[in-house]
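Note: hydrogens, waters and symmetry copies are ignored here, and every other heavy atom, side chains too, is used. Order of the sequence lines sets the chain letters (A, B, ...), proteins ahead of strands, with each chain counted from 1.
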Number of protein chains: 2
Amino acid sequence: MADVARLAGVSHQTVSRVLNESERVSSETRERVLAAMTKLNYRPNPTARALASGRSKTVGVITFDTPLYGPASTLFGIERAAHDAGFFVSVASLRSLDMPSLISTSDDLRRQNVEAILVIAPQREVAQALTQLPHDLPVVAVEAGPAEGVPVVAVHQFEGAAQATRHLIELGHETVWHIAGPGDWLEAVDRVDGWRQTLEVAHARVPKLLVGDWSARSGYELSADLVRDPGVTAIFAANDDMAAAAISLAHRMGFEVPQDLSIVGFDDTPVATSVWPSLTTIHQPVAAMARAAVDLVLEEVHRARHGTGTPRQLLHPHTLIVRESTGAAPPPEGTDAPGDDGPPHDGGP
Amino acid sequence: MADVARLAGVSHQTVSRVLNESERVSSETRERVLAAMTKLNYRPNPTARALASGRSKTVGVITFDTPLYGPASTLFGIERAAHDAGFFVSVASLRSLDMPSLISTSDDLRRQNVEAILVIAPQREVAQALTQLPHDLPVVAVEAGPAEGVPVVAVHQFEGAAQATRHLIELGHETVWHIAGPGDWLEAVDRVDGWRQTLEVAHARVPKLLVGDWSARSGYELSADLVRDPGVTAIFAANDDMAAAAISLAHRMGFEVPQDLSIVGFDDTPVATSVWPSLTTIHQPVAAMARAAVDLVLEEVHRARHGTGTPRQLLHPHTLIVRESTGAAPPPEGTDAPGDDGPPHDGGP
DNA sequence: GTGGGCGATGTTAGCGATCACAAGCCCGTG
DNA sequence: CACGGGCTTGTGATCGCTAACATCGCCCAC
């Protein structure tokens, strides 16, 4: 920087002003400085800037170590959006889901001088702990259920689940079974609520709730009971993996989807299109949410110098994507007819 | 820090020495300083340390924006390992796969004072560009094919593909079709080579190569031709998504897996267990690789002060995981026995 | 003509650590 | 007894930048 100043014949402070786009520099001087910077291939040192100004142009992301599709792609979306805004991204992953872990992780980031923190943590405990975090740094939760006092970017899980359930009811199914996610996930809870209330509104019986852990394995095990039961014609799984597992199991036990059983997933992950029949599911605009979260948190950073605003909750639209895993309810037990079952049984070898 | 020094009755430099675990501090003094730090809840400021020492305790990760399972879980693995080593992680994603993009991304990180860079970029172009990166910073490639002059942590793709192919040959299949990944991915190329050479060694015919783009969709489209052809009894897809799609398509067209068609995938992603029948596939120890990559790069950082060592390539073991999608080859055409083919050509059983 | 205001630039301190070197102390040795 | 050397500790500069205030012209109005 000193070199640039010398070459441009100005003081280092003027160079700094050019760097920070202060208006108080004559355009002539600015040109000279810029030329010098180019010539010397000068690059400002963010570390020094961070030390001097307290601003690091970095946002921290707290996430947790999981192979789940949602969090991973959210992280990439955040990186992209932050980069576009000229910010760096520092990630830290949660060791466990308790309060101390959250605090210590956020301290790590804080000490790195991040200007804001984005939390990708859909678990109830984390969402609660969030409200306890020191308020000196803007914090935004992504993909979390609404939490008091903390800005959130998410989709309306309740509505999504309701729409999925409604879809099945409208296809003529008497009721819909639900394979839920773990009870400590906000999303899981909201989806259960959406499912239940929709059934109630439709005056449908509310079957026993099955609770999985998002994994295909759990979906597999839980659907075993369901598939065996001829009364079960429609399943709404709380994510695509469990839904895909239910399809697998149905096939294995000799049933056809959707002729015998309709299945709906949630998330619209790649799995949804790689199974057969492809999954009807609820799409969440992950990339858009990530971008919105970054916008929101940077807005907050900007505002931190002026007045305080109220935390906002940004709800993004979900979309029901109807693919092949859902269809009309099979006719009641006795009858048995539909031509969809493949070649009539009597024609074969 | 000044406060700590004052409280402990020492100079700031002594505090610094305690912080850096220098041996040149008497244990008595150290105790006093530590006590003062605890009492004041003192936390060193990494930014200042980075500025003064040039060491930031941060590693940069360059990845690219993709929903693929491998890169995402590698990133988390890296974070975990780095954190355990007391390092922060800063991520930057590649805009495009060309050289300028790589340079500029690495410059971003470099300017952040990262001490090393990990690159998750399995594309050939990126691997090549890596060798051009300035050598002032340790660079390690993860999940990339071996590239000259750059340390690499990966599994032996060639061997993995060979093992998958051999598995099918040993089950009695005359030959194995291959749905490859895009030609600009090193992994894809190596897997093709492994497949081809194994066939040649077994004196099996090498069928026409099909090239997909990792997506389920491409797997779907490409397997259409294969599944129709009764001569095709075994398919090795270069990743699980494409393999799962092939299974879907086979089902859709009325074939059974593995009775009519055996299918092997690669990667052992969650998809592998959520489809039916579950996929036989090649497992890659992603987490272990991530950890190894961090170890390697930190070792390099450490060594940077002393002599220079030779770049290492760390090859991790893959594992063939036999699940349900592979089985013995169906008996040759004429004989025909399983009732699955639909009406037998020769007049019935 | 002179004081005030304003835009452009320079000067001097830090930010919070580390580094290089110097200094004090205690001990053993010639 | 003086000197050298190993430990431990302290001093001042420095990393590259920004913040706050000082300074310098210049133009305008009374």
query = Going by heavy atoms closer than 4.0 Å, what residues in residues 3-13 of chain A are next to DNA chain D?
reply = A/H12, A/Q13

ask   = Considering the options B/V59, B/V61, B/L137, B/V89, which one meets the side-chain contact (heavy atoms from CB on, under 4.5 Å) requirement together with B/V114?
value =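 Single side-chain contact (heavy atoms from CB on, under 4.5 Å) partner of B/V114 among B/V59, B/V61, B/L137, B/V89: B/L137.
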
If you compare every side-chain N and O of [X] against the phosphate oxygens of [N] (OP1, OP2), does one of them come in below 4.0 Å?
| X | N | value |
| --- | --- | --- |
| B/R55 | D/dC15 | no |
| A/S26 | C/dG7 | no |
| B/N45 | C/dC15 | no |

key: B/A52 or B/T29, whichever maps to the more 5' nucleotide of DNA chain D   = B/T29

ask   = Which residue lies toward the 5' end of DNA chain D, B/T14 or B/S53, if each is placed at its nearest nucleotide?
value = B/T14

Does the side chain of [X] pick up a donor-acceptor pair with the side chain of [Y] at under 3.5 Å?
| X | Y | answer |
| --- | --- | --- |
| A/Q284 | A/Q157 | yes |
| A/D98 | A/S96 | yes |
| A/R49 | A/T47 | no |

message = Show, in sequence, the C-alpha distance, side-chain angles and deciding distance for A/R95 and B/E79, and conclude whether the salt bridge (Lys or Arg N to Asp or Glu O under 4.0 Å) test is met.
response = CA-CA 11 Å; A/R95 291 342 223 187; B/E79 197 287 330; 3.8 Å; yes

Expressed in angstrom and rounded to an integer, what is the separation of [X] atom [atom1] from [N] atom [atom2]?
| X | N | atom1 | atom2 | answer |
| --- | --- | --- | --- | --- |
| B/L19 | C/dA17 | CG | P | 7 Å |
| B/R32 | D/dT8 | CZ | P | 14 Å |
| A/L51 | C/dG14 | CG | P | 14 Å |
| A/N20 | D/dC17 | CG | C1' | 9 Å |
| A/R30 | C/dA8 | CZ | P | 9 Å |
| A/M37 | D/dC17 | CE | C1' | 14 Å |
| A/K57 | D/dC17 | NZ | P | 16 Å |
| B/R43 | C/dA17 | CZ | P | 12 Å |

inquiry  = Under 4.0 Å, counting only non-hydrogen atoms across every strand here, what does A/T47 touch: a base, just sugar-phosphate, or nothing?
reply    = nothing

message = Over all strands shown, is B/P44 touching base, sugar-phosphate only, or nothing at heavy-atom distances under 4.0 angstrom?
response =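 Counting heavy atoms under 4.0 Å across all strands, the contact made by B/P44 is with sugar-phosphate only.
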
message = Distance criterion of 3.5 Å, no angle test: do you see the side chain of A/R17 paired donor-to-acceptor with the base of C/dG10?
response = yes

query = Can you check side chain to side chain contact (heavy atoms under 4.5 Å, CB included) on A/T58 and A/N113, steps first, answer last?
reply = CA-CA 8 Å; A/T58 299; A/N113 259 322; over 6 Å; no

ask   = For A/R291 and A/D84, what are the C-alpha separation, side-chain angles and deciding distance, and is it a salt bridge (Lys or Arg N to Asp or Glu O under 4.0 Å)?
value = CA-CA 10 Å; A/R291 183 162 298 274; A/D84 289 349; 3.4 Å; yes

